[in-house]
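The figures here come from the full heavy-atom set of this structure, side chains too, leaving out hydrogens, waters and symmetry mates.
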Protein chains: 2
Amino acid sequence: MNDRKRQVLLTAQRLFIDKGFSTTSVQDILDESNISKGTFYNYFSSKNECLKAILEHAHDETTVRRHELLIGQNLSDKNILVEQILIRMHLNREHNLLPIFEAVFHSGDSDLRGFIKNMLLAEFSWLTRRLVDVYGKDAVPYAADCAVMLFGMMQQILHAWSAVSKEEMDSLKLVTFLLRRIDSIMPGMISTKDAFFTEDVFSKLSGDVEDQTETKEQLLERLAGFSDSLVDDALPAGKQYIQFLLEELRSECPRIFVLESIVRSFRETFKGFSNEPEAQELAYKVWRYVDTLD
Amino acid sequence: MNDRKRQVLLTAQRLFIDKGFSTTSVQDILDESNISKGTFYNYFSSKNECLKAILEHAHDETTVRRHELLIGQNLSDKNILVEQILIRMHLNREHNLLPIFEAVFHSGDSDLRGFIKNMLLAEFSWLTRRLVDVYGKDAVPYAADCAVMLFGMMQQILHAWSAVSKEEMDSLKLVTFLLRRIDSIMPGMISTKDAFFTEDVFSKLSGDVEDQTETKEQLLERLAGFSDSLVDDALPAGKQYIQFLLEELRSECPRIFVLESIVRSFRETFKGFSNEPEAQELAYKVWRYVDTLD
DNA sequence: GCATGTTTTGGACTATCGGTATAATATATT
DNA sequence: AATATATTATACCGATAGTCCAAAACATGC
């Protein structure tokens, strides 16, 4: 991903958040980011694809940061779950990307709709898994229901809030409030065996709908490629980390905790540099791969 | 409201539900309802106004039928509340207008957005009042929260359902399921005094946001006008009812239960006739007025 | 430094959209 | 029959997403 392209992407994101997707014309993006129409359509094959890229970027960022929060922590810690949910809200300039999600969901392009749908399902899937982490194995048949309901409550409360108040929403207050509601709901559902989504549907909700991980070879290749792209004198630590990662990944039995630690350091190293995004993306991919090992 | 205009409106509604609002062009409506562009813009000043008319119509219809369900019933009967909620879902061809609500909410036109916002607030307001009916005075500080959450859960479950299943949703099952969740939530909120929306905001949510009622004189005038518009030989019962309503409304102290009964019969009389819509609209207005008497 | 290939530019162009305007025609009313 | 109102068909407008392309700017290897 080009630096220029990324800048266009961020500009577009800001405009979409400020003005809404449909009300932001391509021309607005061109004016604001000082590129020509040709360049825009060189980067993105359409306005929709531009939005897709933005959402994908936000999704990746969210996933990485949520993963980060969990390292070395107890899976059942409810506070961590709160923080993880807050990430999505805060990341999009105080929950302003979610409306875009919805706005587009019903709007026109079926391709885009499918894309959003998958993303939504991925979010449901993630939250379902996390709810099981927090509420235990007994919650398995009801976690998907609760995940969907939690999302619905959050979204609608945000709507209602923006409709009646100009003040900023206290996200933390909202999420903790909602988790207390789940605290009330979950035991009742478990004791009365009262689930809405049946097993088969539930499996689609909780199944893995995220994009598939790359193969190990592809991953190693990208890592090596990234290392080569670095100029020799700058950030020698970065190259060292990559070298170590490559060796550990190629080894007979990679040590997961070592990998996680090194990946974390690897990401930290590139914080604030121009190639941070690519480093972050790579770190995420490695993480995803490491996840499949245990 | 013209018959032709009403037919155009219904055609547009069908198209909006089938194809979505933004993807349905005015030309589509023209083709489907066999009218010219001129006629359309004679009826509606814009595509947005057309949608507004549809939503207003649906809102009125919902309100009347919900009111009907409550006559002579116990306000705290939970089954009635279930039926009332189902009306909105069933009225719009299995919940398909709700997505239009949302789609437009974030999309472009600020005038339309305000309109939808008010309609949404009216719905919150109604449900808030009904939840107090059902759960008692103790629920007052928490009813608005629960109303918003109930809506959010319903909407998101509908989303999720349509994303993972082609089968038709069992609306009754959904609503009863959700009310059981409110059963779990409400006591906890009351006992821990755990409300999200504070008093001042809450008042906007539960306040009267519906369009103001007409004055008594306007109402009587419209009733008389409608009576005059009827041909003499057809539906003499209809004219009788109107005559009675006029007299009762003009009397010193109108008897509410009598008015409610007669209005009901009045509506029934015109079921299936071409002027049913106007009769229904009038019945609704009378009902609204009668409501202000006690 | 020069040549080669790639990226970017800016504008002309198309098709579709919501909406306006109007002159001709059909339908009702009196 | 005359007048008024409703409807039609069509041309037009400005904005939009998206295409196309030749010229300019930039980068890269020799």
Provide, to the nearest angstrom, the distance between the [atom1] atom belonging to [X] and the [atom2] atom belonging to [N].
X: A:K47; N: C:dC17; atom1: NZ; atom2: P; result: 15 Å
X: A:I35; N: D:dA25; atom1: CD1; atom2: C1'; result: 16 Å
X: A:D31; N: C:dT9; atom1: CG; atom2: C1'; result: 14 Å
X: B:F40; N: C:dA21; atom1: CZ; atom2: C1'; result: 17 Å
X: A:Q27; N: D:dT19; atom1: CD; atom2: P; result: 15 Å
X: B:K5; N: D:dT5; atom1: NZ; atom2: P; result: 18 Å
X: A:I29; N: D:dG18; atom1: CD1; atom2: P; result: 10 Å
X: B:N48; N: C:dG19; atom1: CG; atom2: P; result: 6 Å

**Report entry** N/O donor-acceptor pair under 3.5 Å between A:K47 side chain and A:T24 backbone
**Finding:** yes

Requested in this report: Return yes if a side-chain donor-acceptor contact under 3.5 Å exists between B:H159 and B:Q156, otherwise no.
Outcome: yes

Query raised in the report: Out of curiosity, B:L55 CG to B:Q13 CD, how far, rounded to the nearest 0.5 Å?
Result: 8.5 Å

Requested in this report: First locate atom NZ of A:K5, then atom CZ of A:F40, and finally report the distance between them rounded to the nearest 0.5 Å.
Outcome: 10.5 Å

With respect to the phosphate group of [N], does any side-chain polar atom (N or O) of [X] fall under 4.0 Å of OP1 or OP2?
X: B:S36; N: D:dT8; value: yes
X: A:Y43; N: C:dT7; value: no
X: A:R4; N: D:dC26; value: no

Query raised in the report: Would you call A:R250 and A:E247 a salt bridge, using N to O less than 4.0 angstrom?
Result: no

Looking at the side chain of [X], which of [options] is the nearest nucleotide?
X: B:N42; options: C:dG18, D:dA6, C:dT8; answer: D:dA6
X: B:S25; options: D:dT8, C:dT9, C:dC17; answer: C:dC17
X: A:Y41; options: C:dT8, D:dT19, C:dG19; answer: D:dT19

Query raised in the report: Closer to the 5' end of DNA chain D via nearest nucleotide, is it A:T24 or A:G38?
Result: A:T24

Query raised in the report: Between the base of C:dG11 and the side chain of A:K37, is there any donor-acceptor pair under 3.5 Å?
Result: no

